[in-house]
Amino acid sequence: SLDNLYATLHQQIQDVIGSDISFLVATISPLDEMIHIPYLFEEGQLKAVDPFPIGEGITSILIKQRKPIMVNENARQKFDEMGAKYLGEPSKSWLGVPLLIDNEAVGALIVQDMRRERRFSEIDLNILKTIAPHVALALRNAQTLTRMQDTMAALDKESYLLNSLLSNIPEQVYFLDKQGNFMLASHSYAQQIGVNDPSSLIGKSIKDYSSKEWAMLNTSLDTQTLETGEEVIDLVVQGKDPQGHSNWTMNSRI
């Protein structure tokens, strides 16, 4: 859980640096190249910050240069020298380290003291530098897990919708693998070839269920598309159904 990760990290920082500082975690979204602040503790409470694009602020500079920054006095002058833009009065002491994986910035850890200069020391800097690689890896793992869970949820939803469609659509629909075996089929198609459960078709072919003539007709159409990759749309064919009755069918293969 990312929330647990941030809270645990904050507690550790408080234990070693002090509870009188502001603490934030910044992350970079690879999808929109925005900086997100999922955790900000300031003035004794958690605060929400809207995502913002990577720009010319001190956090953006820290992430872009991928090197720690420590400003302990004359913050306004030091920020101006770095070309960092800011709103309002900058903090008196500012310390940040990038979170790197294979020299790629995935975020940053930042501590600030809004009132006191010379608040942070080399020891504090070394502490953040020491834990940063572990935090970066934990952050990447948590993000990967979250994306995987979101993907699985989306796949489950798509699977549910597709199965609902195949259970109710009147047309005979089926999916084949490259060998011509069933991967998925509509309930109406299964009924047409005398099968109650469409899932029982998986891994088998039309030849296992149909008359030779009907199977040859459908297999030839399937093979044509499987081998050439060319679509067949609304092809009207005279033939016989699986029970041997003459009929006309409109066929599409994609």
Taking [atom1] in [X] as the centre, count heavy atoms belonging to other residues, nucleotides or ligands within less than 6.0 Å. Is the count above 12?
X: N196; atom1: CG; result: no
X: K47; atom1: NZ; result: yes
X: K85; atom1: NZ; result: no

Tell me whether [Y] is reachable from [X] by hopping between hydrophobic residues (I, L, V, M, F, W, Y) whose side-chain heavy atoms are closer than 4.5 Å.
X: I54; Y: M82; value: yes
X: F23; Y: L99; value: yes
X: L9; Y: V106; value: yes
X: I110; Y: I13; value: no
X: V135; Y: M70; value: yes

Close side-chain approach of [X] to [Y], heavy-atom, < 4.5 Å:
X: Q112; Y: L24; value: yes
X: L125; Y: V97; value: yes
X: L128; Y: L95; value: yes
X: K78; Y: W94; value: no

Taking all non-hydrogen atoms of both residues, which atom of [X] and which atom of [Y] are closest, and how far apart?
X: P38; Y: A26; value: CD-CA, 4.4 Å
X: Q224; Y: T228; value: O-OG1, 2.6 Å
X: P98; Y: P68; value: CD-N, 3.8 Å
X: S205; Y: G180; value: CB-O, 3.9 Å
X: S60; Y: I35; value: OG-CD1, 3.5 Å
X: A142; Y: L2; value: CB-CD2, 3.2 Å

Derivation and outcome, side-chain contact (heavy atoms from CB on, under 4.5 Å), residues I131 and L109: CA-CA 10 Å; I131 67 174; L109 297 179; 4.1 Å; yes

Parallel, tilted or perpendicular, as decided by the 30° and 60° cut-offs, for the rings of Y174 and F182: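 Correct class here is perpendicular.
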
Evaluation steps, side-chain contact (heavy atoms from CB on, under 4.5 Å), between I127 and T130: CA-CA 5 Å; I127 288 171; T130 299; 5.8 Å; no

Residues D20, R115: salt bridge by 4.0 Å N-O rule: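 So D20 does not pair with R115 through a salt bridge.
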
Look at the side chain of [X] and the backbone N and O of [Y], then say whether any donor-acceptor pair between them is shorter than 3.5 Å.
X: S186; Y: V173; value: yes
X: S91; Y: M114; value: no
X: Q238; Y: N247; value: no

Stepwise salt bridge (charged side-chain N to carboxylate O under 4.0 Å, His left out) test for R118 and E73: CA-CA 6 Å; R118 293 180 290 278; E73 56 185 0; 2.8 Å; yes

Residue pair I28, M34: steps toward the side-chain contact (heavy atoms from CB on, under 4.5 Å) verdict: CA-CA 6 Å; I28 303 172; M34 299 281 282; over 6 Å; no

Return the [atom1] to [atom2] distance between [X] and [Y], rounded to the nearest 0.5 Å.
X: I61; Y: E56; atom1: CD1; atom2: CD; value: 7.5 Å
X: N181; Y: Q179; atom1: CG; atom2: CD; value: 6.5 Å
X: S252; Y: I254; atom1: OG; atom2: CD1; value: 6.0 Å
X: E171; Y: T249; atom1: CD; atom2: OG1; value: 13.0 Å
X: R140; Y: L145; atom1: CZ; atom2: CG; value: 13.5 Å
X: R119; Y: I17; atom1: CZ; atom2: CD1; value: 7.5 Å

ring-ring contact (aromatic ring centres under 6.0 Å, His included) partners for Y6, two or more places apart: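 Y6 satisfies ring-ring contact (aromatic ring centres under 6.0 Å, His included) with no other residue.
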
Sole candidate of T223, T225, D222 that passes side chain to side chain donor-acceptor pair (under 3.5 Å) when paired with R253: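 Going through T223, T225, D222 one by one, the side chain to side chain donor-acceptor pair (under 3.5 Å) with R253 is satisfied by D222 alone.
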
Working for side-chain contact (heavy atoms from CB on, under 4.5 Å), residues I21 and F120: CA-CA 10 Å; I21 57 173; F120 304 118; 3.9 Å; yes

Near-ring test Y189/F175, centroid separation under 6.0 angstrom: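 When the ring centroids of F175 and Y189 are compared, they turn out to be at least 6.0 Å apart.
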
Exercise: do Q11 and D15 side chains pair donor with acceptor under 3.5 Å: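 Yes, side-chain donor-acceptor contact under 3.5 Å.
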
Criterion salt bridge (charged side-chain N to carboxylate O under 4.0 Å, His left out) on D113 and R116, from CA distance to verdict: CA-CA 6 Å; D113 192 311; R116 287 186 295 168; 3.3 Å; yes

Contacts table for residues 158-168: side-chain donor-acceptor under 3.5 angstrom, sequence neighbours left out:
| residue | atom | partner | partner atom | Å |
| --- | --- | --- | --- | --- |
| S159 | OG | N163 | ND2 | 3.3 |
| N163 | ND2 | S159 | O | 3.1 |
| S164 | OG | Y160 | O | 2.8 |
| S167 | OG | N163 | O | 2.8 |
| N168 | ND2 | S164 | O | 2.7 |

